[in-house]
Amino acid sequence: MSTTDDEVVRYERRGRTAVVTMNRPEYRNAQNSAMTYALDAAFQRAVDDDEVKVIVLAGEGKHFSAGHDIGTPGRDVDTSFDRTAVLWWDHVGKEGGDKRFAREAEVYLGMCRRWREIPKPTIASVQGACIAGALMLAWTCDMIVATEDAFFSDPVVRMGIPGVEYFAHPWVLGPRAAKEVLFTGERFSAAQAKEWGMVNRVVPADELESHTQALAEQVAEMPGFGLALTKKAVNQAEDLMGMRSGMDSVFGLHHFAHAHNAEVHGGDSLGGQDARSMASDKRKE
């Protein structure tokens with residue numbers, strides 16, 4: 001086992017499987033930029049290793065991930081990193097929409113698109129919370145295995161913003177389920193996610209790791225080049241159904257909403273929301 005970037009991400013080889021684990025359990029694996037680039041380095045390492053056939057993405061602790069880091073001490077929104085996802089200038093030192101667009105095009109939309117095109121099969125292993133930006137990570141994976149007590153939500157409409165940056169909702173949930181998830185902001189269960197076709201398998205919590213590993217080993221029996229071509233074929237079919245162009249159009253709406261918030265909320269592009277208000281389940285208040 002090895003770690004990268006001060007242990008915010010762990011990397012482990014298990015036979016023909018690389019297990020990449022988000023490792024900020026004290027913050028429910030909230031994703032700051034340091035974690036994003038550590039994930040990217042781990043994925044690149046797995047792609048470059050000819051012995052690795054399948055990649056598993058997991059989260060340490062009780063929760064897969066609470067989404068983007070919008071409030072921990074490790075939030076690094078004003079820190080520069082070597083950019084790898086898009087050819088654009090650094091967001092640091094820029095202002096307003098220029099800053100937000102440059103950063104989010106790189107660390108959110110750009111990175112997720114990059115990871116979706118990893119030529120090896122990827123499996124998200126999800127327990128506990130999978131909220132907002134965490135959905136983006138899970139959705140970039142080819143398959144999702146979730147525990148019976150896992151729950152999902154995209155409450156970003158509470159900010160006045162039409163969903164997270166990697167706007168895959170209509171394709172992974174279907175249009176009507178996507179509207180329900182976004183309009184209500186409510187959590188939905190792993191069982192519901194499987195019914196909608198978003199999750200492949202739902203397992204007891206104590207079987208998540210073993211079941212995910214068994215699935216990875218089964219997939220690893222297939223020829224690697226055949227898996228890569230098959231993955232590309234399905235992704236291309238999704239894009240022909242409008243996924244990529246749809247995301248481009250919604251990314252513009254997303255940033256229009258940020259700009260509107262900043263204008264009417266005294267510069268607050270999040271519309272007065274914070275990590276606590278975004279995490280709450282309105283049904284239980």
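Keep in mind that what you see is a predicted model, and the values were worked out from it rather than measured.
- Salt-bridge annotation for R113 and D248: present, with a side-chain N of the basic residue lying under 4.0 Å from a carboxylate O of the acidic one.
- Within a 6.0 Å sphere centred on NZ of K62, other residues, nucleotides and ligands contribute 12 heavy atoms or fewer.
- Around the CG atom of D48, the shell of radius 6.0 Å holds more than 12 heavy atoms that belong to other residues, nucleotides or ligands.
- Nearest heavy atoms, V157 versus G163: CG2-N, 4.3 Å.
- Of all the heavy atoms in A30 and T72, the pair that sits closest is CB-CG2, 4.2 Å.
- Counted within 6.0 Å of NZ on K194, heavy atoms from surrounding residues, nucleotides or ligands total 12 or fewer; the atom is thus considered open.
- Taken to the nearest 0.5 Å, the CG atom of N235 stands 11.0 Å off from the CG atom of L240.
- Counting heavy-atom neighbours within 6.0 Å of D206 CG, excluding the residue itself, gives a total above 12.
- Nearest heavy-atom pair across A168 and W139 is CB-CE3, 3.7 Å.
- Nearest heavy-atom pair, H68 versus E165, reported as atom, atom and distance to 0.1 Å: CE1-OE1, 3.1 Å.
- Contact between R100 and H258 at its shortest, heavy atoms only, is NE-CB, 3.5 Å.
- The nearest pair of heavy atoms linking T147 to A205 is CG2-CA, 3.7 Å.
- A donor-acceptor contact closer than 3.5 angstrom is absent between the side chains of T21 and E12.
- Ring-plane geometry between F152 and F188 is classed as parallel, the angle between the planes falling under 30 degrees on a 0 to 90 degree scale with a further cut at 60.
- In this structure, V145 is a member of the same hydrophobic cluster as M222, with clusters built from ILVMFWY side-chain heavy atoms closer than 4.5 Å.
- Within 6.0 Å of CD on E117 lie more than 12 heavy atoms contributed by other residues, nucleotides or ligands.
- Taking the six-membered ring for Trp and thresholds of 30 and 60 degrees, F151 and H63 have ring planes more than 60 degrees apart, a perpendicular arrangement.
- Residues H255 and E104 bring a donor and an acceptor atom of their side chains to less than 3.5 Å of each other.
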**Report entry** ring-ring contact (aromatic ring centres under 6.0 Å, His included) assessment of F43 paired with W115
**Finding:** CA-CA 8 Å; F43 291 144; W115 298 338; 5.3 Å; yes
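- N261 and S269 are not linked by any side-chain donor-acceptor pair at a separation below 3.5 angstrom, with hydrogens and angles left out of the test.
- Atom CD of E148 has more than 12 neighbouring heavy atoms from other residues, nucleotides or ligands inside a 6.0 Å radius.
- Looking only at atom types and distance, the side chain of E217 has a donor-acceptor partner in the side chain of Q213 under 3.5 Å away.
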